[in-house]
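One structure is given below, encoded as structure tokens.
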Amino acid sequence: MRENIYTEAAQFISDCHQKLGKTKIETERRLQSVEQEIAQTGTYKHTEEELVHGAKMAWRNSNRCIGRLFWDRLHVIDARDLEKEETIMEALFEHIQFATNQGKIRPTITIFKQETIDGRNVRIWNHQLIRYAGYQTEEGIIGDSSSIAFTKACQKLGWTGKGTEFDLLPLVVQVGSQEPYWTDLPTDLVKEVSINHPDYPEVNELGITWYAVPIISDMRLEIGGINYEAAPFNGWYMGTEIGARNLADVHRYNCLPKIAKAIGLDTSSNASLWKDKALVELNVAVLDSFKRAGVNIVDHHTAAQQFHAFEQKEAANGRDVTGRWSWLIPPVSPASTHVFHNKYNDEVKTPNYFYQPAPY
């Protein structure tokens with residue numbers, strides 16, 4: 001086990017030091033220090049410099065992400081010294097506020113303490129720090145169906161929602177085997193956007209809303225053989241994530257029939273392509289609403305162009321671009337982007353972000 005950790009540590013630190021312009025002597029000294037630390041404790045701790053570079057590398061290596069052009073602009077918050085639930089929660093609030101930045105969204109990651117032998121690991125139960133609840137009722141699902149299991153877990157902890165389509169879920173954190181600690185999100189901390197359409201005022205009456213910043217909080221960050229089970233991170237939205245998936249998927253909010261009715265489409269036949277028309281107009285509404293609210297968002301055509309620039313920069317630096325094609329192509333008009341016509345190597349490199357089982 002210790003040999004495996006050192007092997008991964010040595011590979012990461014050597015690469016990290018090379019990118020940071022460290023001398024050979026500096027690298028050798030650091031590797032000796034790490035080897036001794038692993039021999040004594042079974043693990044090692046990253047320097048802040050290594051942590052920052054590793055988190056950025058993890059974004060650069062994320063095969064599912066089309067927004068990797070900005071990987072080196074990631075703002076890294078080192079919260080490894082926090083062990084109490086209250087201070088961890090405060091750090092999450094600070095992340096939301098800093099990342100939101102009144103709509104001028106800043107790519108941010110907050111990294112809590114690494115996986116430890118004593119089991120006092122930090123876990124965040126939420127899939128995203130900001131997310132809407134989902135309720136299974138006799139009349140059908142209210143809210144976000146993807147949140148049903150977590151909503152039930154929150155209710156068992158004592159949380160009670162209002163039962164609307166867009167109830168903000170509480171934050172839930174857990175340290176080791178201690179009881180989960182939860183608190184409601186302060187409403188003034190969360191920026192939400194009402195989805196309106198510039199040409200169809202009927203859409204405005206549907207009461208659709210979405211939150212400004214997607215902060216993934218349930219993935220494991222792995223850097224040089226060290227796991228950080230709590231490391232919430234965010235960029236900004238690509239419009240189709242909201243307009244073609246979250247709000248449009250049949251198993252999510254299933255808004256296409258409502259949009260079609262609001263803009264007067266004939267839904268009697270699939271051949272009328274009403275779903276396609278409604279999908280485009282919903283995405284127009286999302287992009288226009290975010291821009292009017294002063295919240296950063298990118299359309300899928302621009303995102304694809306940015307990914308092309310990322311590919312060119314990686315090639316110029318002698319690095320191969322890995323990617324998962326099925327995730328990189330946008331869910332609207334994919335064939336209109338260069339990504340659709342390319343092939344990508346889906347090799348998983350580290351540092352990286354990985355899924356982990358839910359703790360509830």
Side-chain angles (χ1 to χ4, degrees), residues 1-63 65 67-82 91 95 98 106-117 121-122 219-235 306-307 309-323 345 347-354:
M1 180 66 177
R2 294 183 179 183
E3 292 179 358
N4 291 338
I5 292 179
Y6 179 74
T7 299
E8 294 184 47
Q11 182 177 349
F12 163 68
I13 290 171
S14 298
D15 183 61
C16 176
H17 278 212
Q18 181 182 9
K19 298 298 189 300
L20 295 175
K22 302 284 187 180
T23 66
K24 186 176 181 181
I25 293 177
E26 287 177 307
T27 302
E28 289 176 350
R29 286 176 179 171
R30 175 59 179 149
L31 290 176
Q32 289 175 357
S33 174
V34 167
E35 188 173 24
Q36 291 174 358
E37 190 175 359
I38 292 173
Q40 293 172 359
T41 68
T43 187
Y44 74 102
K45 294 182 180 179
H46 292 120
T47 66
E48 187 168 0
E49 196 174 32
E50 291 165 356
L51 187 75
V52 170
H53 190 70
K56 292 180 178 181
M57 287 177 66
W59 188 5
R60 193 184 72 199
N61 290 335
S62 297
N63 289 3
C65 181
R68 284 179 272 169
L69 176 63
F70 308 100
W71 68 272
D72 56 351
R73 302 184 196 178
L74 180 66
H75 179 77
V76 181
I77 300 173
D78 185 352
R80 290 177 293 171
D81 61 331
L82 303 182
H95 181 130
F98 180 87
R106 294 180 280 210
T108 305
I109 184 170
T110 298
I111 304 175
F112 295 97
K113 66 180 298 185
Q114 68 191 63
E115 184 180 24
T116 59
I117 298 175
N121 305 334
V122 177
M219 296 186 76
R220 169 176 61 88
L221 169 63
E222 182 182 329
I223 302 174
I226 300 299
N227 293 316
Y228 299 94
E229 295 180 319
F233 62 92
N234 71 274
Q306 291 170 346
F307 188 70
F310 169 72
E311 293 175 281
Q312 291 177 320
K313 287 184 69 174
E314 290 300 286
N317 284 282
R319 295 190 292 260
D320 294 329
V321 174
T322 58
N345 175 16
E347 176 188 359
V348 177
K349 297 181 179 180
T350 57
N352 215 318
Y353 304 98
F354 298 92

Worked verdict on F307 versus V321 for side chain to side chain contact (heavy atoms under 4.5 Å, CB included) = CA-CA 10 Å; F307 188 70; V321 174; 4.0 Å; yes
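Counting only distance, with no hydrogens or angles, the side chain of R106 and the backbone of F98 share a donor-acceptor pair below 3.5 Å. The backbone N or O of N61 sits less than 3.5 Å from a side-chain atom of N352, completing a donor-acceptor pair. Without hydrogens or angle criteria, N121 side chain to T116 main chain gives a donor-acceptor distance under 3.5 Å.
With sequence neighbours left out, the salt bridge (Lys or Arg N to Asp or Glu O under 4.0 Å) criterion links K19 to D15. In this view, E229 satisfies the salt bridge (Lys or Arg N to Asp or Glu O under 4.0 Å) rule with no residue, not counting sequence neighbours. Annotation: side chain to side chain contact (heavy atoms under 4.5 Å, CB included) contacts of Q36 (sequence neighbours excluded): none. Judged as a ring-ring contact (aromatic ring centres under 6.0 Å, His included), and not counting sequence neighbours, the contacts of Y353 are F233. Evaluation of the side-chain hydrogen bond (donor to acceptor under 3.5 Å, both in side chains) rule for E347 yields N345 as partners, not counting sequence neighbours. With sequence neighbours excluded, no residue satisfies ring-ring contact (aromatic ring centres under 6.0 Å, His included) with H17. The side chain to side chain contact (heavy atoms under 4.5 Å, CB included) test applied to E49 returns L20, K22, T47, not counting sequence neighbours. The salt bridge (Lys or Arg N to Asp or Glu O under 4.0 Å) check on D78 picks up R80, with sequence neighbours excluded. Take D72 and apply the side chain to side chain contact (heavy atoms under 4.5 Å, CB included) test, not counting sequence neighbours, and it matches no residue. When the side chain to side chain contact (heavy atoms under 4.5 Å, CB included) test is applied to S14, the partners found at least two apart in sequence or on another chain are T27, L31. For R73, the side-chain hydrogen bond (donor to acceptor under 3.5 Å, both in side chains) criterion is met by no residue, not counting sequence neighbours. By the salt bridge (Lys or Arg N to Asp or Glu O under 4.0 Å) test, R319 is found to be paired with E314, residues two or more places apart in sequence or in another chain being considered.
Within 6.0 Å of NZ on K313 lie no more than 12 heavy atoms contributed by other residues, nucleotides or ligands. Heavy atoms from other residues, nucleotides or ligands lying under 6.0 Å from CD of Q312 number more than 12. The neighbour count for E28 CD, taken as heavy atoms of other residues, nucleotides or ligands under 6.0 Å away, is above 12.
Taken to the nearest 0.5 Å, the CD atom of E311 stands 10.5 Å off from the CG atom of L69. Atom CD of residue E50 and atom CZ of residue F12 lie 5.5 Å apart, to the nearest 0.5 angstrom. Distance check, rounded to the nearest 0.5 Å: CD1 of I226 to OG1 of T350 gives 12.0 Å. For the atom pair NE2 of H75 and OG1 of T110, the computed distance is 7.5 Å after rounding to the nearest 0.5 Å. The structure places CZ of R29 at 8.5 Å from CD of Q32, a figure rounded to the nearest 0.5 Å. The NE2 atom of H46 lies 8.5 Å from the SG atom of C16; values are rounded to the nearest 0.5 Å.
You'll find the side chain of N234 reaches within 4.5 Å of the side chain of H95, heavy atoms only.
The shortest heavy-atom contact between W59 and W71 is CE3-CA, 3.3 Å. Residues P351 and G54 come closest through the heavy atom pair CB-O, 3.5 Å. Scanning both residues, V34 and A9, for their nearest heavy atoms gives CG1-CB, 4.0 Å. When all heavy atoms are compared, the tightest approach of I223 to Y44 is O-OH, 4.0 Å. Taking every heavy atom of both residues into account, G225 and E8 meet most closely at CA-OE1, 3.3 Å. In this structure, A58 and L221 approach most closely via the heavy-atom pair CB-CD1, 3.6 Å.
A side chain to side chain contact (heavy atoms under 4.5 Å, CB included) with F112 holds for exactly one of I77, L82, D81; it is L82.
Between the side chains of Q114 and T43, at least one donor N or O lies within less than 3.5 Å of an accepting N or O.
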